[in-house]
Amino acid sequence: MTDQYLTTLLDTQDAVSTAVELLKQGECVALPSETVYGLAADASKVEAVNKIFDAKGRPKNHPLIVHLPSAEHLIQWATDIPKQAYELAEHFWPGPLTLLLKKAPHVPTAVTGGLDTIAVRVPAHSQFLQVLKTFAGGLAAPSANRYKQLSPTTSEQVMQGLNGRIPAVLEGGHCAHGLESTIVDLLGESPRVLRPGPITPAQLQQVLAVDIQVPEQFQDSVPGNVEAHYRPQTPLHSVTTEQLQGQLADYQSSNVILLLRSQALIEQVEQSYPAIKWQRMPNNATGFGKELYATLFNLDQLGADKIVLETPPNTDDWRAVNNRLSRAVTPLPI
Ligand code: TXA
Ligand code: MG
């Protein structure tokens, strides 16, 4: 596809109504959500949904999440809905939780990548919700990036990837979470996390009072969750704190940017290695997750030879961050 749109940034008073107007006409519009920006289109129109795949360059068998104005709309999109879906919806919607259910028969398979299941969520970002409530229907929306590139957490990042390929982007500031929603499969015997995200297994368990399955490897569980996803253009390597401490001298004269998080390491760099290029990342999972994509996006513009990231802890609270990083990093030769 060649560029065919003059992409408008919608940032005036009537931005929401313009976005709804375009969506009603069967166009795609990038919308801010509390996780990442999404590229939305009318989920009931095959032609509109196909425009999402064209703009992103995404393979057609990768299913999309359908965003709803409220949990009351669930019955129009899913069937055989378990009680657990309503319990989770009650607690976490609007919010960063996507539920995998059996799809209602009339839902176009263009949305579900040919599957008979459907992923649904009610997003919390006020403008996305306003669009949904005015639109009064379901909006299919994957992250608003070109296929395999970083998910956007600002409108600027959406523009960088999709300028000329979509009619409009709704301005909505920096996304609060910065990582995609948690996906929970409610089709099996017990709930299973398909993609870790802002809502943790412990939170799900607290509401449902049953065990939550959390696979060690998430690669195969979600179509499109391919290995080399979220990868910046500049090679990104993950190096442990201990290894970094021993390597600092090597980075003095190199065109490498370090992403550091632990205070001791930062002090060591500040006191002894003033020539090193480095940037501080939050030393907690929530803060780190919020900054991750935006940081990689910005560093990608600087033309460094590589980015070296201090490996985060391997604990439960860092699960969503480590899941995204496992795809974003280029493995080092052993
Ligand atoms: O936070 C989010 O979830 C963002 C915002 C925009 O809502 N959306 C998002 O969409 O991350 P996307 O397309 O980048 O990721 C959706 C994931 C994909 O990995 C897809 O395979 C999975 O959801 N998915 C969607 N429908 C599915 C289905 N029927 N069965 C299994 N996986 C599904
Ligand atoms: Mg995505």
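Order of listing sets the numbers, starting from 1, for every ligand and every atom in it.
Under the 3.5 Å distance criterion, the side-chain polar atoms of Ser262 are left unmatched by any main-chain donor or acceptor of Ala264. Judged purely by atom type and a 3.5 angstrom limit, Glu171 uses its side chain to pair as donor or acceptor with the backbone of Gly173.
Assignment of Leu100 to the shell around ligand 1 is supported, since a heavy atom sits closer than 4.0 Å. The shortest heavy-atom distance from Arg58 to ligand 1 is under 4.0 Å. Ligand 1 lies less than 4.0 angstrom from a heavy atom belonging to Ala141.
Residue Arg121 has at least one heavy-atom neighbour below 4.0 Å for each of these atoms of ligand 1: 1 (O), 5 (C), 7 (O). Taking every non-hydrogen atom of Ala119 and a distance limit under 4.0 Å, the qualifying atoms of ligand 1 come out as 25 (C), 26 (N), 27 (C). Against a heavy-atom cut-off of under 4.0 Å, His67 is close to the following atoms of ligand 1: 5 (C), 6 (C), 7 (O). Ligand 1 places these atoms under 4.0 Å from at least one heavy atom of Leu64: 25 (C), 26 (N). When each atom of ligand 1 is checked for a heavy atom of Ile183 under 4.0 Å away, the hits are 17 (C), 22 (C), 23 (O). Within the listing of ligand 1, atoms 28 (C), 29 (N), 30 (N) sit less than 4.0 angstrom from a heavy atom of Leu115. Those atoms of ligand 1 that come under 4.0 Å of a heavy atom in Thr117, given as number and element, are 28 (C), 29 (N), 30 (N).
Counting heavy atoms under 4.0 Å from ligand 1, residue Lys103 does not touch it at all. Residue Thr35 touches ligand 1 through its side chain alone, judged by heavy-atom distances below 4.0 Å. By the criterion of a heavy-atom distance under 4.0 Å, neither the backbone nor the side chain of His62 is placed next to ligand 1.
Between Leu162 and Arg146, the closest side-chain pair of non-hydrogen atoms falls below 4.5 Å. With contacts defined as side-chain heavy-atom distances shorter than 4.5 Å, the pair Leu97/Leu204 qualifies.
At least one N/O-N/O distance between Ser181 and ligand 1 falls below 3.5 Å. For ligand 1, none of its N or O atoms has an N or O atom of Thr98 under 3.5 Å away. Taking distance alone, with nitrogen or oxygen atoms compared against 3.5 Å, Thr112 stays at or beyond that limit from ligand 1. Remark: ligand 1 and Glu180 share no N or O pair separated by less than 3.5 Å (distance only, no angle test). Here's the thing with Ser143: one of its N/O atoms is less than 3.5 angstrom from an N/O atom of ligand 1.
Metal site remark for the Mg ion (ligand 2): Ser151 contributes no N, O or S atom at a distance under 2.8 Å.
With a 6.0 Å cutoff to the six-membered ring centre and a 45° limit on the axis angle, Lys277 does not count as a cation-pi contact of Tyr251.
Enclosure of atom CD in Gln263 by more than 12 non-hydrogen atoms of other residues, nucleotides or ligands within 6.0 angstrom is indicated.
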May I have the list of side-chain donor-acceptor pairs in residues 285-292 shorter than 3.5 Å, sequence neighbours left out?
none

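For the residue pair Ser151/Glu180, the side-chain donor-acceptor check at 3.5 Å is satisfied.
Partners of Thr134 under the side chain to side chain donor-acceptor pair (under 3.5 Å) rule, at least two apart in sequence or in another chain, do not exist in this structure.
A salt bridge links Arg121 with Glu34: the distance from a Lys NZ or Arg NE/NH1/NH2 to an Asp or Glu carboxylate oxygen falls below 4.0 Å.
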Go through the steps to decide whether Thr200 and Arg319 satisfy the test side-chain contact (heavy atoms from CB on, under 4.5 Å), and finish with yes or no. CA-CA 9 Å; Thr200 63; Arg319 196 191 308 267; over 6 Å; no
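Among Leu139, Leu10, Val169, Leu132, the one residue that satisfies the side chain to side chain contact (heavy atoms under 4.5 Å, CB included) test with Leu31 is Leu139.
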